[in-house]
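Structure first, commentary second.
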Amino acid sequence: MEKKEIFRSFAEKARKKLEEKKKQRMEKIHIPDLEETITITALTDQEFADISEFSEDDNINDKYMIYMSSPELQELAKELKENGDIKNYYEVVDIFRRADRRKIAKRILEISGIYEESDIEVIKETEEIKN
């Protein structure tokens, strides 16, 4: 195959991959303890960076991540904050049991690709790159 054809093929694959990444993955999850269903969405790299810098407390960062991932929780937080029921928006997540919060946070990480395994293969470790 000619170099230009190889590059065109690579470029097309790259375009498709970038398009796939633009589609935000989301899932509906049911919370039996509350008898409610919420939506969680995959988070972007920038959102993860913001979350990790939000607090030095990992529990608060998990709450913030869950809050950021769910449109329903964001809407509920607005109402609860306006009524004085919570001080910070992410505190809306306190409606969940600790075990449920852990499972929701884990699922957000899963759909965001954090737990994906790489399938990269080394062809030859010591071969020099040729121009």
Side-chain angles (χ1 to χ4, degrees):
M1 215 190 283
E2 190 179 316
K3 280 187 178 184
K4 285 183 180 182
E5 287 180 46
I6 292 171
F7 180 76
R8 271 190 236 129
S9 172
F10 186 33
E12 185 58 33
K13 289 175 189 174
R15 276 193 277 290
K16 286 179 182 175
K17 244 337 172 185
L18 289 171
E19 199 57 40
E20 279 178 34
K21 285 187 165 223
K22 287 180 185 176
K23 296 175 185 171
Q24 193 172 34
R25 291 185 61 191
M26 63 176 46
E27 289 183 354
K28 295 260 186 207
I29 57 173
H30 183 70
I31 316 295
D33 188 48
L34 295 172
E35 296 183 16
E36 291 290 337
T37 299
I38 63 169
T39 305
I40 56 171
T41 58
L43 299 173
T44 65
D45 291 341
Q46 183 58 55
E47 288 170 326
F48 275 116
D50 294 346
I51 290 164
S52 66
E53 295 174 4
F54 186 72
S55 171
E56 291 183 15
D57 184 330
D58 289 340
N59 289 322
I60 291 175
N61 287 346
D62 281 352
K63 289 179 183 183
Y64 186 60
M65 177 178 63
I66 295 167
Y67 160 77
M68 289 291 296
S69 176
S70 175
E72 292 90 352
L73 291 179
Q74 291 173 21
E75 201 57 39
L76 178 59
K78 285 179 192 174
E79 185 174 323
L80 293 177
K81 192 165 184 339
E82 285 174 10
N83 289 337
D85 296 315
I86 58 175
K87 182 178 176 184
N88 299 298
Y89 289 112
Y90 66 85
E91 292 172 357
V92 68
V93 176
D94 290 336
I95 64 174
F96 302 122
R97 297 178 310 151
R98 186 175 298 208
D100 291 341
R101 284 196 314 255
R102 274 194 320 269
K103 189 162 188 170
I104 295 167
K106 183 178 181 199
R107 190 63 198 144
I108 292 166
L109 294 173
E110 288 171 352
I111 68 171
S112 299
I114 298 301
Y115 294 129
E116 287 180 338
E117 293 290 324
S118 174
D119 55 0
I120 291 175
E121 297 176 27
V122 175
I123 296 173
K124 284 191 178 180
E125 287 185 53
T126 58
E127 183 177 336
E128 289 185 31
I129 299 175
K130 297 178 183 177
N131 293 337

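Note that the CG atom of Asp85 and the CD1 atom of Ile95 stand 11.5 Å from one another [nearest 0.5 Å]. With rounding to the nearest 0.5 Å, the separation of CD1 in Ile29 from CD1 in Ile111 is 8.5 Å. How far NZ of Lys106 is from CD1 of Ile108: 13.0 Å, rounded to the nearest 0.5 Å. Taking CD1 of Ile40 as the start and CG of Leu73 as the end, the distance is 10.0 Å to the nearest 0.5 Å. Atom CZ of residue Phe48 and atom CE of residue Met68 lie 10.5 Å apart, to the nearest 0.5 angstrom.
Screening residues 27-40 for salt bridge (charged side-chain N to carboxylate O under 4.0 Å, His left out) gives Glu27-Arg107, Lys28-Glu72 as the qualifying pairs, with residues at least two apart or on separate chains. Sorted by first and then second residue, the salt bridge (charged side-chain N to carboxylate O under 4.0 Å, His left out) pairs with a member in residues 38-65 read Lys63-Asp94; sequence neighbours excluded.
When all heavy atoms of Ala77 and Ile86 are compared, the closest pair comes out as O-CD1, 3.7 Å. Ser112 and Leu43 get closest at one heavy-atom pair: OG-N, 2.8 Å. Residues Pro71 and Thr39 share a closest heavy-atom pair of CD-O, 3.7 Å.
Contact annotation: the side chain of Tyr89 approaches that of Lys81 to within less than 4.5 Å [non-hydrogen atoms, C-beta and beyond]. Using a 4.5 Å cut-off on side-chain heavy atoms (C-beta onward), Leu109 and Met65 make contact. Looking at Glu12 and Lys16, their side chains come closer than 4.5 Å, going by heavy atoms from C-beta outward. Between Asn88 and Tyr67 the shortest side-chain heavy-atom distance does not fall below 4.5 Å. You'll find the side chain of Ile104 reaches within 4.5 Å of the side chain of Ile31, heavy atoms only. Residues Ser55 and Tyr64 fail the side-chain proximity criterion, which asks for heavy atoms closer than 4.5 Å.
Glu79 CD: 12 or fewer foreign heavy atoms inside a 6.0 Å radius.
Judged purely by atom type and a 3.5 angstrom limit, Ser52 uses its side chain to pair as donor or acceptor with the backbone of Ala49. Here the side chain of Arg101 pairs a donor or acceptor atom with the backbone of Phe96 at under 3.5 angstrom.
Residues Ile51 and Met26 do not share a hydrophobic cluster, clusters being chains of Ile/Leu/Val/Met/Phe/Trp/Tyr side chains in contact below 4.5 Å.
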Should Glu91 and Leu80 be marked as a side-chain contact (heavy atoms from CB on, under 4.5 Å) after you check the CA-CA gap, both sets of side-chain angles, and the distance that decides it?
-> CA-CA 9 Å; Glu91 292 172 357; Leu80 293 177; over 6 Å; no
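The aromatic rings of Tyr90 and Phe54 sit perpendicular, their planes meeting at an angle over 60°, well past the 30° parallel limit.
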